Every structure is written in C-alpha cells, then in structure tokens.
Amino acid sequence: MTATLTPGARSGGPRRWPLLGNLPAFARDPLAFFESLRDGYGDWVPWALGPQRNILVSRPEHAGELLGAVESTFRPTELGWAFRQLLGNGVVVATGDDWRRKRALVQPAVRPRQVRSYAATMVECADALASGWRAGERIDVHREMAGLTQRIAVRTLFGSDAAGREAPISAAMATAQRELGAEFRGLTLFLPPWVRTPGRRRMREAVAVLDREIEHVIREHEAASNAGAERDDLLSRLLAARDEHGGPLSRTELRDESITLYIGGHETTSTTLTWAWQLLSGAPRARARLTEELHRVLGGRLPTYDDYARLPWTQQVVKEALRIYPPIWLISAVATEGATLGGRAVPAGTSVWTSPWSVHRDARWFPDPEAFLPERWDADAPHPVPEHAWFPFGGGPRACLGARFALVEAALVLAVLAQRFHLDSGSERVGVFPGLTLQPTGPVLATLRRSGTDIETGTGTG
C-alpha cells in the first residue's frame, strides 16, 4: 500500500532550520511534534533531526512492516551516547548475529513458564504494600508503584537476598532516565563521545553505581552456584544459559542484560500502573466493572498466575492504559540498501520513525482517542482495532522480550491493590515527560479510599 495523507494534510513535511532541521520543535515537545506531523502532513512525513534525515510513518500497516523488517532491510537506530552507556550492547542494542545469539540466550528466562514462577513474588510484594496503606492517606502513586515494581524486579531478577541493593539501584536509574531523556531531546545527541558535559558526568556516575551494584550481585550468585545452591531468579538463569557452541554470557553481557531486564520489569510496569490508577480515578464506571470482576473471580483472595486469564477486564484496563500512555513512545530504524516501505523505496541511511503515542491516539483507529475506554478491547467491540495499531512493546523479531512479564505483573498488582483500595486523584492533571520511558512530570497524588465505597458508583468516562 502506498503512503496516504490524512484529511487536510499538506505534503512535503515541515520547514527545517539550517543545521538544526526540526530539532527545536522536537526538543520542545516531541509528543506534540509527532502528532503535528501526522495531522498536518500525513502518514508519510519527511523531517530532519539536525543533519539526520528522517521519515515519520503513522499508518499501522507501515509500522508493522517497519517492525518486521528490522534485521533484514532495516537496522536499529543508534540512539546516542547516553543510551549506549546505560544499555551497553544488550539485546535491545545488538544487531545481526550478535543480537540473534543474545536473544536466544535471554528469551528462555522470560517465557510464560518462567513468568508463572515469578507471579507469587509479584502478588506477595503487592499484598505487603497494600497492608501498609491506610484509608484516607495521601500518597504519591508514582513513587509507590515505582517502589513496588522495583522490589519485584530486584527479587525476580537478583533474588530476595539482593533486597538491600534497591535504594542505590533506584537512585542511579532515576538519574540515568533523566539524563538520557535530556540528551535525546537536545544538541548533545550529536556531540562526539569524547565531549564532556555536566549531564554526561552525571550519567557516568549513575552508570558506575549500577555497574558496581550489579557486579556485587553477580559475584554473590557465582559464589552460591559454586557452593551448590540452586536459585530460581532471572540472573541465575542467565548465568546458566549457553549458546549453540556451549558458550555462556560474558561478564559484560550479564551486566547489559541485567540492566535491560530491570528496565523492562521495573520502569515499564511502574509507569503503566501509575497511569492506570490515574485513568481509573476519572472513570467510575470502569472502576466499578473492575471491582465487580475482582469480587466475582477472586472473592477477596489473592490472585495467582492462573487467575490472569480469568480477569479479562483487568487485562483490558492495563491494555487501555498502555494505549493512552505507551511507555515506549517512539521506535526507529535505519534503512539499508534496497529498503522499501509501503511500496516506496527508502534511501539507504534514512531513519524511519513511528510513534506508539501518535498512532495510539489517532481517531481513525481509536474513536474518541483521548477517552479511557477499556471496553474498546471487548471481544465484541463495534470498532475492532486494526492490526499493528497497538504496539506498546514494539513488534516483529525485536519485540520486547519482557512483554508477557510486564502484562502479567501489571494485571496481578492491579488485582491485589484494587480489591482493597481506590486511588482517588481528583481532578489534578499530570504532565508527561518522554524520557527512556513515558514518565509523569511530577508527583501523582491520590487519596486512598476503601474499595467498594460510593466513589465507585458514580458516572463518568469509562
């Protein structure tokens, strides 16, 4: 299919500044920038990020084709010095044979059978959090969800004996998140690696903390393994993994994959849960339907992994939160020789972008796109969602390995907490910051209400 223009759109793309291209508008608000390209110029828009020539595609079929072609006619985009500092050459960054080897080594650790074994930890940590909450208390939802998913990530990735390492890892990751987002939206993205800036200094310091903490945990695991102890955490599975030639992951590779899995299990899920609570607070009908499902299926008991399939509305709440606030807000790949997309040739070296934020909020695929409507995911919904119109975890051969882990974790945590509390954030609006993942710009404050109170019986969106 050839690229088409949205109604009223102009061809040719936005005007570019000398040397900077469209960097000023992109840096000011990349989310609004992508939507303006889609609405003002169509589904296939040329634009520039400094000297880099780009195309933004906004049709689901083009996004799906792009995701499926990475590792064949497209290669992953190099996303800058800070990104590489944090993720090293992990499975998200690696290409070609190196990527295929690493994916084969990492994937078994996060298959559904393994995720099942981590479900009890997810539920136990959520139950402990709920036990410390008190009705009427005012909380920062984002901080609470970040702390919860961090505990889950540390225990499932490194084991329960690594619990004392949560604080330094969390602080370092928060710094890395901020600096990565700042670099990606500014001129430092184009500076050579040897140029030192205050932001790069902070990034180096944060990465040094992460490296030190992870090295400590790896040494503990190796010592336990040598002593004959058996562990069931993700790091132990990575240590035991062997490629087709019998080779293990190197020390550096263990570090890189640990960081990657930590981000997938903590950063992604904490923001998803934060936005889900914010959206549920303004949607009493959706909240009431969630309460009814949890009461009917669980009857007050804690959920298990097997309950995940029995909680379709809970899953739909998570899915709709991921639609409105996709943690991964942009995806890009660079065309290689002979690349095509949508029936059009793409010059080698051109970076093709697609934005889950923009596609997920397109009224052509999601009527009333700003509204929180979990029912749009009902099996008999009147407007079926087109294939590839929802892709918060990417897609194709490089789809996020931790997607199942994140979906199960978000649904089970929501099920545990929502049986006991409603988080009432009132009418407070929260801004969005596009860093490594889509983060709230500040605290997300809410008052804890006992589940089942009259706040859930009103009317409103959802």
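Heavy atoms only: backbone and side chains are in, while hydrogens, waters and symmetry mates are out. Nothing here was measured: the structure is a model prediction, and the numbers come from that model.
When all heavy atoms are compared, the tightest approach of C125 to R155 is SG-NH1, 3.7 Å. A345 and T340 get closest at one heavy-atom pair: CA-CG2, 4.1 Å. Among all heavy-atom pairs drawn from L105 and R242, the shortest one is CD2-C, 3.2 Å.
Ionic pairing of R200 and E179 is not present here: no N-O contact between side-chain nitrogen and carboxylate oxygen is shorter than 4.0 angstrom. Salt-bridge annotation for E205 and R202: absent, with no side-chain N of the basic residue lying under 4.0 Å from a carboxylate O of the acidic one. Using a cut-off of 4.0 Å between Lys/Arg side-chain N and Asp/Glu carboxylate O, D127 and R420 are scored as salt-bridged. Between K102 and D256, no side-chain nitrogen of the basic residue sits less than 4.0 Å from a carboxylate oxygen of the acidic one, so the salt-bridge criterion is not met. Using a 4.0 Å cut-off between charged side-chain N and carboxylate O, R398 and E71 make a salt bridge. Salt bridge present: R361 and E370 bring a charged side-chain N and a carboxylate O closer than 4.0 Å. The pair D97-R103 fails the salt-bridge criterion, with no side-chain N (NZ, NE, NH1 or NH2) lying under 4.0 Å from an Asp/Glu carboxylate O.
Annotation: R251, atom CZ; neighbour count of heavy atoms from other residues, nucleotides and ligands within 6.0 Å is above 12. For CZ of R196, the number of neighbouring non-hydrogen atoms (other residues, nucleotides, ligands) closer than 6.0 Å is 12 at most. Counting non-hydrogen atoms of other residues, nucleotides and ligands closer than 6.0 Å to CD of E137 gives a total above 12. Shown here is R113, whose CZ atom has no more than 12 heavy atoms of other residues, nucleotides or ligands within 6.0 Å. Annotation for R84: atom CZ counts as buried by contact number, over 12 foreign heavy atoms lying within 6.0 Å.
For W133 and F421, the ring centers sit closer than 6.0 Å to each other. In this structure, W365 has its ring center no closer than 6.0 Å to that of W390.
Judged by distance alone, the side chains of H422 and S451 never bring a donor and an acceptor atom under 3.5 Å apart. W357 and E35 share a side-chain donor-acceptor pair at under 3.5 Å.
Rounding to the nearest 0.5 Å gives a distance of 8.5 Å between CG of L239 and CG of L249.
Under the ring pair (Phe, Tyr, Trp, His ring centres under 6.0 Å) criterion, W275 pairs with Y325, not counting sequence neighbours.
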